[in-house]
Amino acid sequence: MEDAQSVATLLESTTSKIQQLQRAFAELESHRAVTLNLKWKQIEEHFHGLEKSLKSRFTELENQEKEFKRKTTQSQQMLKKRQAAVMAKEEASLRRLQEKRDAAVVAIANVLGKRKNRQMEEQGSSPAVEEKPSDYKASKCKREDMKKLSDTDVKALTNPQLAKLCEENDAQGLHKFISDNRKNLASMKEEIPIALKAAAHPGCLVLDSLSGFYISDDSNIDGKKDANLLGQRRTCIMLMECLSILLTNLDEKSVSMVISKDVKERAKAIAEEWKPKLDDLDLDASNGNSLEAHAFLQLVATFGIDSDFVQEDLSKLIPMVCRRRQTADLCRFLGLSDKMPGVIDVLVNSGRHIDAVNLTIAFELTEQFSPVSLLKSYLTEARRVPSAIKSGNSSPTAQNDVSERELSALKAVIKCIEDHKLEDQYPLVPLQKRILQLEKAKADKKRATEVAKPQPKRPRENGIVGYAPRNTNIAAAADKNFYGRMTDRYAPPTQYMYDNRTYAYPAPADNHIPQYMGPPSYNMAPNHGHYFATGYQYQTAYLH
């Protein structure tokens, strides 16, 4: 900046320098002996030209300096934003890593707890009579501790009736209370784990609530459509989830007391009863939202009986529940994370690419399965035209079905991109433009169909709807009725030539349209009828 000021000062002093040079040149010219070819005006113009060029160049340099400062400021701001984004991603990655570590620690603790429980069960199976009183005292003390804890927590419940029902082990009443207060389901789900502490045997209470999950074979109730049965099944799943939340907040001894050996055996018996019924479920019919498969997996996870079932059989149920929000946590708890690539392949092969993308991102398998590639493949499948439509032998309904399928697929892809924040990898603008094109084409087809439909004709004053076939007898009958009513005033001089035709008149006097009873004749008398330009005859209104 100082250099620029010094240059500006030198440029301002140019005028004084030129004046000094002028005086020196005049003094030199007064002492010259020979006439010089140069004139002072030429020298002055030369120096003024130099001054202008220097000033213009200086102005350009100043503008370039300002532009450079502006670009430098923008670059610094962009770097700050990128640095903030990188820091946010690092924090998110650290948070996810910590969550994974916590989940791994919980899984390891569960496995160790299961092993200890098995060892304790094996040791407890030996006929040591003297150890039973001590175990009984320990379990009794533990129950008293849970009872004290529940007494302090129950006071804070907004639904004290939950604690009362749990304390009374009333599974049916608990079902009814949850069904009646389904509007407050979110708050109840937070309080049910606390209310379960009031139960003497929380595990038995939850198992009792599963009694009505399946109906008898003799019943005519449709398990997929009956609202009451579906609501009861959702309540069963929620109660098992709440029991799992309760178990995560207890120590190992309390967990072994709640999920005792007898409770595990009972849960295993229920799971063995449910498992054959899952074989009848259709993978496509369930559409990834099967309550039966979800309840089975939740039962196995909550009561820790996954070791009694083969992991391959459990992993086959994942496609049936992949749209349930608890699926990822269930798979991790059951140790099925290694089976996810095979599950994703099954979903892709069955055309359920959106579900495959959800599981891919949930288990961080994006390197093995690219979400963008899966979504593009899904749109390609949706746009594929069947061979019947390509051959030109299809109906308009089939073509509309193809457009509707593509439109639904586009909306599902856009929602998936927004949910997982994939806009940088898959822009939304082309997809939104395609949706507008399909909706416009759909609206145009609808308007064209409405125009092509025949419009109903409005009835005329004489009761004729639309264009009636040509019938000259109407006018003839009208004339005959008209002249018939005037016989008492005027006697017709001659007999009309069409009086001998056979007509039958209707009984009501207010209906002036005769019924046709004979062959028509076209030798009509003049001025006895009214005709359209097309040749069709119409009847005018009577004036009485």
Side-chain angles (χ1 to χ4, degrees), residues 100-126 135 139 201-210 213-214 236-237 239-279 281 290 292-322 324 326-343 346 359 362-363:
K100 290 182 180 179
R101 287 177 180 175
D102 296 340
V105 170
V106 172
I108 293 172
N110 290 332
V111 173
L112 293 176
K114 291 176 184 178
R115 290 181 180 177
K116 289 182 180 179
N117 291 335
R118 289 175 188 172
Q119 293 176 358
M120 291 174 64
E121 290 173 1
E122 292 175 357
Q123 293 175 0
S125 61
S126 60
D135 293 340
S139 63
H201 302 284
C204 294
L205 175 62
V206 173
L207 290 176
D208 291 340
S209 68
L210 304 179
F213 191 86
Y214 280 99
C236 293
I237 294 173
L239 290 175
M240 288 189 287
E241 291 175 351
C242 292
L243 181 60
S244 298
I245 296 172
L246 172 63
L247 295 176
T248 56
N249 296 325
L250 299 177
D251 54 13
E252 294 182 6
K253 292 182 179 180
S254 300
V255 171
S256 62
M257 186 191 69
V258 175
I259 309 296
S260 61
K261 184 178 179 180
D262 295 337
V263 172
K264 276 191 174 183
E265 290 297 329
R266 186 180 170 190
K268 182 180 177 181
I270 295 175
E272 292 289 349
E273 182 185 355
W274 285 4
K275 191 173 182 301
K277 298 179 180 181
L278 298 177
D279 298 335
L281 292 178
S290 172
E292 296 92 329
H294 185 188
F296 179 83
L297 292 174
Q298 190 67 54
L299 175 66
V300 172
T302 300
F303 293 92
I305 55 176
D306 53 302
S307 59
D308 298 321
F309 298 93
V310 183
Q311 282 195 337
E312 290 293 336
D313 295 338
L314 297 178
S315 63
K316 290 179 181 178
L317 301 177
I318 302 302
M320 299 183 183
V321 298
C322 58
R324 309 287 293 177
Q326 305 92 334
T327 301
D329 295 334
L330 273 177
C331 293
R332 293 190 185 98
F333 190 84
L334 295 172
L336 300 177
S337 299
D338 297 337
K339 305 292 183 181
M340 284 303 106
V343 174
V346 171
L359 289 182
F363 290 92

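This chain uses plain numbering: 1 for the first residue, then up along the sequence. Heavy-atom basis, side chains included; hydrogens, waters and symmetry copies ignored.
- For an aromatic pair to be called close, the ring centres must be under 6.0 Å apart, and Phe296 with Phe309 satisfies this.
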Audit row: His201, Val263, side chain to side chain contact (heavy atoms under 4.5 Å, CB included) steps and yes/no: CA-CA 9 Å; His201 302 284; Val263 172; over 6 Å; no
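- Ion pairing of Arg266 with Asp208 is present here, as a side-chain N (NZ or NE/NH1/NH2) and a carboxylate O approach within less than 4.0 Å.
- Put simply, CD on Glu292 and CG on Leu317 are 11.0 Å apart, with the number rounded to the nearest 0.5 Å.
- At distances below 3.5 Å, not a single donor-acceptor pair connects side-chain atoms of Ser209 with backbone N or O atoms of Cys236.
- Ser244 places a side-chain N or O within 3.5 Å of a backbone atom of Met240 that can act as its donor or acceptor partner.
- Leu243 contributes atom CG, which lies 9.0 Å from atom CG of Leu205 (distance to the nearest 0.5 angstrom).
- In plain terms, the two heavy atoms of Ala293 and Ser290 that are nearest each other are N-OG, 3.3 Å.
- Residues Glu273 and Tyr214 form no side-chain contact, since every pair of their non-hydrogen atoms from C-beta on lies 4.5 Å or further apart.
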Test log, rule side chain to side chain contact (heavy atoms under 4.5 Å, CB included), inputs Thr327 and Ile318: CA-CA 8 Å; Thr327 301; Ile318 302 302; 4.2 Å; yes
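- Among the candidates Val206, Ile237, Leu207, the single residue satisfying the side-chain contact (heavy atoms from CB on, under 4.5 Å) test with Leu299 is Leu207.
- Distance check, rounded to the nearest 0.5 Å: NZ of Lys275 to CG of Leu314 gives 8.0 Å.
- Summarising the geometry of Ser315 relative to Lys339, their closest heavy-atom pair is CB-CB, 3.9 Å, with the distance given to 0.1 Å.
- In this structure, His294 and Leu330 have side chains that are in contact, with non-hydrogen atoms separated by less than 4.5 Å.
- A distance-only check finds a donor-acceptor pair linking the side chain of Ser256 to the backbone of Glu252 [under 3.5 Å].
- Note: Phe303 CZ to Leu247 CG = 8.0 Å, rounded to the nearest 0.5 Å.
- Other residues, nucleotides and ligands place more than 12 heavy atoms under 6.0 Å from the CG atom of Asp308.
- The nearest pair of heavy atoms linking Ala301 to Phe333 is O-CE2, 3.0 Å.
- The minimum heavy-atom distance between Ser337 and Pro341, with the atom names listed, is O-CD, 4.1 Å.
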Audit row: Trp274, Leu210, side chain to side chain contact (heavy atoms under 4.5 Å, CB included) steps and yes/no: CA-CA 11 Å; Trp274 285 4; Leu210 304 179; 4.1 Å; yes
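- Here the NZ-OG distance, from Lys264 to Ser307, works out to 7.0 Å after rounding to the nearest 0.5 Å.
- When all heavy atoms of Asp306 and Val300 are compared, the closest pair comes out as CA-CG1, 3.3 Å.
- Considering only heavy atoms from C-beta on, Val343 stays 4.5 Å or farther from Leu336 through its side chain.
- Here Lys316 contributes atom NZ and Glu312 contributes atom CD; the two are 7.0 Å apart, rounded to the nearest 0.5 Å.
- Here the closest heavy-atom approach between residue Pro202 and residue Leu246 is recorded as CB-CD2, 4.3 Å.
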